[in-house]
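Source: prediction; values computed, not measured.
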Amino acid sequence: MYRYIGDRLTDPELKGTRCSAVRREDGKCIRGRNGSMLVIFENGRTAVVIGRLLRKVKHE
């Protein structure tokens, strides 16, 4: 579980929202060569985001 902090160009709807990584069949996260990551947000929206803008959230 991650929190997406976003940047100045980020959709305000997505800033600060929780998301989880989309995983491959072997259980690893889907990452790009440039450090991007495929995530799914709480509202069901799927997006490719910059991995540096994600912060890990402890499970509750």
Side-chain angles (χ1 to χ4, degrees):
M1 202 57 141
Y2 299 93
R3 181 167 305 280
Y4 181 56
I5 60 171
D7 60 3
R8 63 187 173 94
L9 300 175
T10 301
D11 181 6
E13 181 182 315
L14 299 179
K15 276 189 178 183
T17 59
R18 289 179 154 198
C19 60
S20 58
V22 176
R23 301 201 178 261
R24 301 187 309 201
E25 290 179 7
D26 62 357
K28 293 185 178 183
C29 300
I30 298 176
R31 297 290 302 245
R33 291 183 181 179
N34 59 353
S36 59
M37 186 172 177
L38 183 62
V39 296
I40 186 163
F41 289 94
E42 289 179 327
N43 61 7
R45 186 172 170 184
T46 304
V48 175
V49 298
I50 300 171
R52 291 178 293 137
L53 300 177
L54 293 171
R55 300 295 182 263
K56 197 147 195 149
V57 177
K58 292 182 182 179
H59 291 284
E60 297 173 352

Nearest-0.5 Å distance that lies between atom CD in Glu13 and atom CG in Asn43: 5.5 Å
Qualifying ring pair (Phe, Tyr, Trp, His ring centres under 6.0 Å) pairs with a residue from residues 16-40, counting only residues at least two apart or across chains: none
Contact list for residues 11-30, test ring pair (Phe, Tyr, Trp, His ring centres under 6.0 Å), sequence neighbours left out: none
Validation row: Leu54, Met1 side chains within 4.5 angstrom (heavy atoms): no
Minimum-distance pair of heavy atoms, taken over all atoms of Lys15 and Arg8: NZ-CA, 4.3 Å
Contacts of Arg52 that satisfy side chain to side chain donor-acceptor pair (under 3.5 Å) - sequence neighbours left out: none
Contacts of Ser20 that satisfy side chain to side chain donor-acceptor pair (under 3.5 Å) - sequence neighbours left out: none
Partner residues of Asp7 under the salt bridge (Lys or Arg N to Asp or Glu O under 4.0 Å) criterion, sequence neighbours left out: none
Any pair counted as salt bridge (charged side-chain N to carboxylate O under 4.0 Å, His left out), so long as it reaches residues 31-44, sequence neighbours left out: none
Answer yes if [X] and [Y] sit in the same cluster of Ile, Leu, Val, Met, Phe, Trp and Tyr residues linked by side chain heavy atoms under 4.5 Å apart, and no otherwise.
{"X": "Ile30", "Y": "Ile40", "value": "yes"}
{"X": "Leu38", "Y": "Val49", "value": "no"}
{"X": "Val57", "Y": "Tyr2", "value": "no"}

Working for side chain to side chain contact (heavy atoms under 4.5 Å, CB included), residues Met37 and Ile50: CA-CA 6 Å; Met37 186 172 177; Ile50 300 171; over 6 Å; no
Residues in ring pair (Phe, Tyr, Trp, His ring centres under 6.0 Å) contact with Tyr4, at least two apart in sequence or another chain: Phe41
Donor-acceptor pairs are to be reported for all side-chain atoms of residues 21-29 against protein atoms at under 3.5 Å, with residues two or more places apart or in another chain.
| residue | atom | partner | partner atom | Å |
| --- | --- | --- | --- | --- |
| Arg23 | NH1 | Gly27 | O | 3.1 |
| Arg24 | NE | Asp26 | OD1 | 3.2 |
| Arg24 | NH2 | Asp26 | OD2 | 3.0 |
| Asp26 | OD1 | Lys28 | N | 3.3 |

